[in-house]
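Input: a single structure, listed below in C-alpha cells.
Order of the sequence lines fixes the chain letters, A, B, ..., with proteins taken first and strands second; residue numbering starts at 1 for each chain.
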Amino acid sequence: MKKTEYSPFSVLWREVVKDKLALSSLLLLSLILFIVYGASIVLDQEEIVKVDLLSIYSPPSAEHWLGTDYGGRDILGQLIIGARNSFTIGLAITLLTGLIGLTIGLIAGYFGGVIDNIIMRIIDFILILPFLMLVIVFVAIVPKYNVFTFILIMSAFLWTGKARLIRAKVLAERELDYVSASKTLGTPDWKIIVREILPNLSSIIIVNLTLNLAGNIGIESGLSYLGFGLPESTPSLGTLVSYATNPDVLQNKWWVWLPASVLILVMMLCINFIGQALKRAADARQRLG
Amino acid sequence: MVKFILRRIMMMIPQLFVLSVLIFLLAKAMPGDALTGQLANNPKMDAQTLAEMREKLGLNDPLYVQYTRWIKNLLHGDLGLSYVHQQPVTDLLAGRMWNTILLSLCILVLTYAIAVPLGVISGRWQDSWADKLIVGYSYVSFATPLFIFALIMLFLFGFKLGWFPTGGSVDIQLEEGTFDYYISKLNHLLLPSLSGALISTVGIIQYLRSEIIDTKVKDFVRTARAKGVPEAKIYSRHILRNSFLPIAAFLGYEITGLIGGSVFLESIFSYPGIGQLFLQSIMQRDYSVVTALVMISGLATLIGTLLSDIILSVVDPRIRID
C-alpha cells in the first residue's frame with residue numbers, strides 16, 4: 001500500500017518528464033518566467049516608460065540591447081514588463097474562468113434536471129455570441145476601465161467551455177457506483193461533489209487549464225495589439241507588437257515588434273507542448289510511460 | 001428529419017430574441033445617440049431644438065417602445081444612420097460585406113485544400129516521417145496566434161520578398177470589371193487568406209487523421225481488401241466517404257472564428273472589409289455601425305451553427321432529438 005506515486009499529479013508529472021519536448025518546454029518556460037519575474041522586480045518601470053527624445057528608434061546597441069521605440073524607450077525593459085503583465089493576466093483569467101466553470105459545471109452535472117437545463121441554455125447562448133467583437137465593445141464602453149474590468153470582461157465569456165466540459169464529465173461520473181454508495185450512506189451532496197467527484201476530475205481540469213492559459217495569453221495580447229486589451233498604464237506584449245501597425249516599423253525596425261512576437265509565440269508553444277503531454281497523461285491509452 | 005430541423009429553428013428564436021435585446025441594451029449603454037453626431041456637424045443647433053428633435057425621434061420613449069421600433073426597422077433592413085459618415089449603415093456595409101465574404105470564402109477553400117490532403121496522408125501513413133511532420137505542423141499552428149502569424153507573413157512575403165501587395169483589396173487605378181481587376185483582387189486576397197488558412201487547419205487534420213486510423217482496421221475495410229479492391233479505391237470509396245460529410249459540417253462552426261479572424265486580418269492587411277470597419281467605427285465612436293455589425297455577426301454565427309447541426313444530423317441520426 002506504499003505506492004502513493006500513482007496519484008493523478010504524479011502520473012501527469014511522469015508523462016511530462018518522459019516527453020522530451022514537453023520537458024524542454026517546461027524548462028524553457030520556467031527560465032523565461034524566472035528571468036521575467038526576477039528582472040521586473042529589479043527594473044524600474046518609471047525609468048522604462050520615460051520618453052528619451054535623443055534615442056528615438058535606435059537599433060540594438062550596448063546601451064539598449066534590443067533598441068528603442070518611437071519614444072526612445074528601451075524595448076528590452078518593455079518586453080520584460082509586458083511579458084510579466086501578459087502572463088500574470090493570462091493566468092488570472094485562466095484561474096477565474098476555471099473557478100467559475102468548475103463550480104457551474106459541477107452543479108449542472110451533479111444535480112441535472114431543471115438547473116442543468118437552464119445553465120446549458122445560457123452556455124449555448126454565450127457560445128454563439130461573436131466573442132471578439134463583444135469584448136471590444138465592452139472594453140470601449142465600460143467606464144473606469146482597468147486591468148480588473150478587463151479580466152472580468154474576458155472571464156464573462158470564457159468560462160462556458162470549461163463548464164460544458166466539467167458538466168459532461170460529472171454526468172458520467174455521477175452514474176458510477178461510488179457516488180450511489182455515498183448517497184446511500186447519507187453523505188451530503190456538497191461533500192460528494194467536493195471530496196469524491198472533484199478529485200477524479202483533477203487531471204482533466206489541469207489539462208484544460210494549461211491549454212487555456214496559452215489561449216488566454218494569445219487572446220489578451222491579440223486584443224492589446226488591436227488597442228482593446230490592457231489599459232495603457234499596463235503595457236502588454238501585444239502593445240509592443242502593435243507598433244508594427246506602422247508599416248515603417250514593420251518593415252525597417254524589426255527590433256521593436258519581432259522580439260515581442262517571438263516571445264508570445266515561444267511562451268504559447270511551450271505551454272501548449274506541456275498541455276499536450278498532460279492531455280496524453282490524462283488519457284491512459286496514449287501515455288508514453 | 002423535418003421535425004428535427006423545425007425544432008432546431010424553434011430553438012433559434014429565443015436565442016435571436018435574447019441576442020437582439022442584449023445588443024439593443026449595449027447600444028443604449030454606448031455614449032451618445034443619433035443626434036450627438038449632428039450636433040458636432042451643425043454648430044447652429046441649440047439645446048432646445050435638440051431636445052425637440054430627441055422627442056420627435058422617440059429617444060425619450062420607454063425602452064420597450066424603442067426596442068420594438070428598432071426591431072421593426074431591422075426587419076425592414078434599416079440599420080440606422082452612421083453618425084460619422086452621415087449615410088445609412090446599409091450603404092456603408094454593402095461593399096465591405098462583399099470583401100469580407102470573399103476573404104472568408106478564400107480562407108475556407110484554402111483551409112480545406114490544405115487540411116484534407118494532409119489529414120489523409122497523416123492517417124493513411126500513420127507514424128511515417130510525413131505523419132510526424134504533419135502532426136508537428138498542426139501542433140505549432142494550433143499554438144500560433146493569428147495576429148502574429150499574419151504580421152510575420154506580411155513582413156516576409158509582403159515587404160521583404162515583395163511577392164504580394166501589402167494592403168488594400170484591389171489596385172486603385174484598375175477599372176472594375178476588367179480581367180486585370182479580378183486578377184489584382186485575387187492577388188490582394190492571397191496573402192491574407194493564406195495566413196488565415198495555414199493556422200486553422202488543425203481541427204480538420206486531427207479529425208481526419210483519427211477517423212482514418214480508426215476506420216482502416218474495421219471489418220468492412222478488411223473485407224474490401226480481401227476482395228482485392230486496390231488500396232487507392234479502399235480509401236476513396238470506403239474510408240473517406242464516411243469522414244467527408246462531418247468535415248463539411250465544421251464549416252458552420254468556423255463562422256465565429258472567421259468573424260474574429262477578419263478583425264485581425266483586415267486590420268493587419270488594411271483590407272477594407274467589415275472587420276476593419278468595425279475597428280474604425282468603434283474608435284470613431286460611430287456606434288450605430290458597431291451595433292449593426294455585432295448584430296449581423298451574431299446572426300451569421302447563429303445561422304452557421306444551425307447549418308452545421310442540420311448537416312451533422314443528416315450524417316448521424318443519433319443526434320436528432322426527436
Side-chain angles (χ1 to χ4, degrees), chain A residues 21 25 121-122 124-143 211 214-215 217-228 237-238 241-242 244-245 247-252 254 257-258 260-273 275-276, chain B residues 11-12 14-16 18-19 22-23 26-27 29-31 136 139-140 142-149 151-152 154-155 158-160 166-167 253 255-257 259-264 267-268 270 274-275 278-279 282-283 285 287 290-291 293-302 304-306:
Chain A
L21 190 59
S25 297
R121 287 295 84 74
I122 296 174
D124 281 347
F125 176 69
I126 295 179
L127 282 174
I128 54 129
L129 293 175
F131 161 73
L132 192 77
M133 282 186 163
L134 278 178
V135 169
I136 292 177
V137 170
F138 274 113
V139 168
I141 65 172
V142 161
L211 291 175
I217 293 176
I219 300 174
E220 179 276 313
S221 50
L223 282 165
S224 297
Y225 166 80
L226 293 175
F228 295 94
L237 285 177
V241 183
S242 75
T245 28
D248 177 46
V249 173
L250 180 65
Q251 228 186 129
N252 306 318
W254 58 269
W257 64 275
L258 198 57
S261 307
V262 172
L263 189 57
I264 296 176
L265 207 56
V266 169
M267 287 207 307
M268 286 184 65
L269 275 175
C270 285
I271 300 172
N272 261 303
F273 285 137
Q276 297 294 352
Chain B
M11 265 169 63
M12 239 176 90
Q15 288 185 330
L16 254 178
V18 181
L19 178 73
L22 181 82
I23 290 170
L26 264 180
M30 292 170 190
Y139 274 163
V140 173
F142 174 69
T144 310
L146 175 63
F147 74 105
I148 288 182
F149 185 66
L151 264 181
I152 291 176
L154 177 64
F155 176 64
F159 285 114
K160 288 289 146 193
T166 56
Y253 300 127
I255 289 184
T256 333
I259 291 170
S262 76
V263 174
F264 284 112
S267 103
I268 287 169
S270 21
I274 58 168
F278 174 75
L279 282 179
I282 207 153
M283 277 184 221
R285 313 204 159 269
Y287 289 123
V290 172
T291 316
L293 286 176
V294 178
M295 190 71 210
I296 290 172
S297 313
L299 200 64
T301 328
L302 260 177
T305 39
L306 173 75

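- For I23(B), no part lies near chain A; criterion is any non-hydrogen pair under 4.5 Å.
- Taking the side-chain contact (heavy atoms from CB on, under 4.5 Å) definition, one finds that F142(B) meets it with N272(A), Q276(A), V202(B), sequence neighbours left out.
- Atom CE of residue M283(B) and atom CG of residue L226(A) lie 7.5 Å apart, to the nearest 0.5 angstrom.
- For the side-chain contact (heavy atoms from CB on, under 4.5 Å) test with I141(A), the passing option among L26(B), I282(B), V290(B) is L26(B); the others fail.
- I128(A) pairs in a side-chain contact (heavy atoms from CB on, under 4.5 Å) with only one of the listed residues (L306(B), L16(B), T305(B), L299(B)), which is T305(B).
- Annotation: side chain of L129(A) is in contact with side chain of L19(B) (closest heavy-atom distance under 4.5 Å).
- Between the CG atom of L146(B) and the CD1 atom of I219(A) there is a distance of 12.0 Å, given to the nearest 0.5 Å.
- Heavy-atom distances place no part of A214(A) under 4.5 Å from chain B, backbone and side chain included.
- For F138(A), there are no ring pair (Phe, Tyr, Trp, His ring centres under 6.0 Å) partners two or more places apart in sequence or in a different chain.
- Residue L21(A): no heavy atom, backbone or side chain, is found under 4.5 Å from chain B.
- The contact between S261(A) and chain B is made by backbone and side chain atoms together, counting heavy-atom distances below 4.5 Å.
- Between P145(B) and L265(A) there is a side-chain heavy-atom pair separated by less than 4.5 Å.
- A pairwise comparison of heavy atoms in I259(B) and M133(A) identifies CG2-CE, 4.1 Å as the closest pair.
- Aromatic ring pairs are classed by plane angle as parallel below 30°, tilted from 30° to 60° and perpendicular above 60°; the pair W257(A) and F155(B) is perpendicular.
- Nearest heavy-atom pair, M268(A) versus A143(B), reported as atom, atom and distance to 0.1 Å: CE-O, 3.0 Å.
- The parts of S297(B) that come within reach of chain A are both its backbone and its side chain, each placing non-hydrogen atoms under 4.5 angstrom from that chain.
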* **side-chain contact (heavy atoms from CB on, under 4.5 Å) assessment of L132(A) paired with F278(B)** => CA-CA 11 Å; L132(A) 192 77; F278(B) 174 75; over 6 Å; no
* Quick one: do Y225(A) and I148(B) satisfy side-chain contact (heavy atoms from CB on, under 4.5 Å)? Show the steps, please. => CA-CA 9 Å; Y225(A) 166 80; I148(B) 288 182; over 6 Å; no
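- Ranked by heavy-atom pairs shorter than 4.5 Å toward chain A, the options T291(B), L302(B), L293(B), I268(B) are led by I268(B).
- The minimum heavy-atom distance linking L223(A) with F264(B) is given by the pair N-CZ, 4.4 Å.
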